[in-house]
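The structure displayed is predicted, hence computed values, not measured ones.
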Amino acid sequence: LLTEIQKTTDHFQRSKLFRENILSTMDYTARLLSTAQESINFSYPDILREIEREREELEKEKFKIAVFGNFSCGKSTFLNALMRIDKLPVKEERATAVFTVLRNAEEHGKQHGEAEIYFKDKNFLKADLVKGINKLEIAEKFGLEDKQEQIYEYFEGLSPSVVQHWIDKVEKIKVRNFDADQRKVVRAYKQILRSILTKVFKNKEIRPGTVKNISPQEASKYITSQEYSDLIHHIVYYLDNDLLKKVEIIDTPGLGSSDYTHTLRTQSFIKEANFAILLVEAEKPMQNESEIDFLNLLEEEGKINQLIVIVNKVDRSEKDIQTIKHLMKKELADTFEGDIEIPDERIFFLSSEYFFLKQNPDKNQEKLKALENHKNVVPNALDKFEYYYKTSLTKEKDKILLEDKERFISNQIEYLHKAIQKKVAEKEADLKKVEEKKRLFEKNRDKIEGDFDFLINALYANKRQGRRHGDNKIER
């Protein structure tokens, strides 16, 4: 297959053969894992699930574009404008708290505007419970040390009144009693414990691992609500939009959130995304620590060339676009010393609010008129982005998807190779111990048998001596 790939000059044939090669490698790796599990008790179910998921994505050519940015930078407004919809919450005080996935309705047999909510399953919630208990340092204090393996089942078996007792215990934990650098994490996991105990175990309002069909209005409640967001894996909107053909666009929780878990989940999603769109505010582009951290993570994953930067809210800056661009480039040069550069063709300057209001003029006509007259608002800026999306990005999509999957499977093979080598070494060490014990046994066997023979002879000799002694006694 690799020989065929090297021989062919047709781009699409090469992509097809390359895809087949990666799928074959994934299948082989899965079989290798199964064999290792049977022969040396090598069990890595999480990796098997990841391989299966990545394989499914490659088969379906599912390409993930993730939209990142700080809270209130305008991600949802940008996506509403790009998708020509008015469904994602845009109020800045109600920032996105969960992953929101946009999919093509026709490809999934859905109607435009349908929405689904995917709740975390028991394994996710169990992990959150264990983390929460450990972060709040209550395992020993509340007698939960020996219950962590079955922590979900433990709470599941309690009555609502007893669960409420546990909720009261969690509420009494004071964040201020922890070290300053731990408070953000403790506060986040305190909220997570409160949500799980209340919604899952006490009220039984949420059924873990289920999918619920919801209206866009209901979706807004779940997206923006803290008490629900901790229990949700993601929400899906199905839309009639050509930009979503063979593509998923994911609106992520904000970077730099005061909620530690939002930032953590968003950063971890960098590994899953095939392409990233980073929104920054025109007033201070690339000047937030969270944006710099994001670029560092993207570079570590080898995806810095799979990035588009949207400089949003240009209408809120007194500086002109050229000055904003110059300041952003200087900030990048000073911070990364030339290691990270973003070419001009992948930087777009726009006002998401302007394009959103242009599509929905009844929402605020006065604001729309003011934006139309702003020096930085370019009427065709969104069209330019769409053109890049439909041409350059679409052309690169296959290449990026294949490279991402190849990187994934290469990393997994390397990891498994090391893990299997370690497991084999452990088995060989065990075997050596057995062989050493066998050698010692064989070495001592002759001595043991000799000692045993000596003991038997001694017993017989004593017996004979005893008889003679008895005979003498009779004669006397």
Side-chain angles (χ1 to χ4, degrees), residues 37 41-50 52-53 97-99 115-178 182-214 218-219 221-236 253 259-265 268:
Q37 184 171 343
N41 194 27
F42 181 83
S43 181
Y44 277 77
D46 290 345
I47 294 180
L48 272 172
R49 281 195 292 269
E50 280 187 45
E52 183 58 36
R53 181 181 49 115
V98 298
F99 286 95
E116 293 173 336
I117 181 168
Y118 288 71
F119 291 106
K120 290 180 179 178
D121 62 20
K122 288 185 179 182
N123 290 329
F124 267 105
L125 294 176
K126 178 181 176 180
D128 285 343
L129 283 168
V130 171
K131 284 179 185 175
I133 287 166
N134 291 326
K135 295 294 183 184
L136 270 63
E137 301 174 3
I138 57 175
E140 184 177 353
K141 182 180 178 181
F142 292 165
L144 297 172
E145 306 102 310
D146 59 343
K147 295 183 176 68
Q148 294 198 44
E149 282 297 317
Q150 300 294 323
I151 193 67
Y152 186 94
E153 292 74 14
Y154 169 71
F155 283 115
E156 192 176 33
L158 300 179
S159 66
S161 60
V162 177
V163 174
Q164 181 59 54
H165 175 64
W166 278 102
I167 295 170
D168 294 339
K169 281 186 173 184
V170 171
E171 289 292 351
K172 289 176 182 176
I173 295 170
K174 293 189 180 294
V175 176
R176 64 192 299 269
N177 290 339
F178 290 80
Q182 291 295 312
R183 289 173 190 167
K184 184 186 288 188
V185 178
V186 172
R187 186 175 291 107
Y189 277 103
K190 181 178 176 180
Q191 172 60 47
I192 288 172
L193 286 181
R194 185 191 299 125
S195 297
I196 296 174
L197 291 172
T198 303
K199 300 291 184 184
V200 177
F201 298 119
K202 182 191 173 188
N203 301 338
K204 302 189 185 300
E205 180 183 344
I206 303 299
R207 292 175 57 206
T210 58
V211 180
K212 181 180 179 182
N213 293 314
I214 52 175
E218 286 181 291
K221 177 186 76 171
Y222 286 112
I223 287 174
T224 59
S225 168
Q226 180 68 60
E227 60 181 342
Y228 286 107
S229 68
D230 294 324
L231 310 174
I232 295 170
H233 189 270
H234 64 279
I235 289 178
V236 179
D259 188 324
Y260 168 78
T261 57
H262 288 172
T263 300
L264 201 62
R265 284 191 69 198
S268 67

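Considering only residues two or more places apart in sequence or on other chains, E137 meets the side chain to side chain contact (heavy atoms under 4.5 Å, CB included) condition with F178. Under the rule for a side-chain hydrogen bond (donor to acceptor under 3.5 Å, both in side chains), K190 has no partner lying at least two apart in sequence or in another chain. By the salt bridge (Lys or Arg N to Asp or Glu O under 4.0 Å) test, K141 pairs with no residue at all, sequence neighbours left out. Residues forming a salt bridge (Lys or Arg N to Asp or Glu O under 4.0 Å) with E140 (at least two apart in sequence, or on another chain): none. The side chain to side chain contact (heavy atoms under 4.5 Å, CB included) search around Q150 returns E153, not counting sequence neighbours. For F142, the ring pair (Phe, Tyr, Trp, His ring centres under 6.0 Å) criterion is met by W166, not counting sequence neighbours. Listed by chain and number, the residues in a salt bridge (Lys or Arg N to Asp or Glu O under 4.0 Å) with E171 are R194 (sequence neighbours excluded). Contacts of K174 classified as side chain to side chain contact (heavy atoms under 4.5 Å, CB included), with partners at least two apart in sequence or in another chain: R176, N177. When the ring pair (Phe, Tyr, Trp, His ring centres under 6.0 Å) test is applied to H234, the partners found at least two apart in sequence or on another chain are Y118. Listed by chain and residue number, Y189 satisfy the side chain to side chain contact (heavy atoms under 4.5 Å, CB included) test with K131 (two or more places apart in sequence, or in another chain). Applying the salt bridge (Lys or Arg N to Asp or Glu O under 4.0 Å) criterion to K120, with sequence neighbours excluded, gives D128.
How far NZ of K135 is from CD1 of I173: 14.5 Å, rounded to the nearest 0.5 Å. Atoms NE2 and CG, from H165 and L158 in turn, are 10.0 Å apart once rounded to the nearest 0.5 Å. In this structure, CD1 on I138 lies 6.0 Å from CG on L144, to the nearest 0.5 angstrom. With rounding to the nearest 0.5 Å, the separation of CZ in R207 from CG in L231 is 14.5 Å. Here the CD atom belonging to E218 is positioned 10.0 Å from the CD1 atom belonging to I235, to the nearest 0.5 angstrom. The structure places CD1 of I196 at 11.5 Å from CD1 of I167, a figure rounded to the nearest 0.5 Å.
Looking only at side-chain heavy atoms (C-beta outward), Q164 and P160 stay at 4.5 Å or farther from each other.
Counting only residues at least two apart or on different chains, the ring-ring contact (aromatic ring centres under 6.0 Å, His included) pairs with a member in residues 190-214 are Y152-F201, F155-F201.
Counted within 6.0 Å of CD on E145, heavy atoms from surrounding residues, nucleotides or ligands total more than 12; the atom is thus considered enclosed. Environment of NZ in K122: sparse, with no more than 12 heavy atoms of neighbouring residues, nucleotides or ligands closer than 6.0 Å.
Here the side chain of N134 pairs a donor or acceptor atom with the backbone of V130 at under 3.5 angstrom.
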| Chi angles and distances behind the side chain to side chain contact (heavy atoms under 4.5 Å, CB included) call for Y228, I117 | CA-CA 11 Å; Y228 286 107; I117 181 168; over 6 Å; no
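For the pairing with L125, the side chain to side chain contact (heavy atoms under 4.5 Å, CB included) check across D230, I192, I206, V200 returns one residue only, V200.
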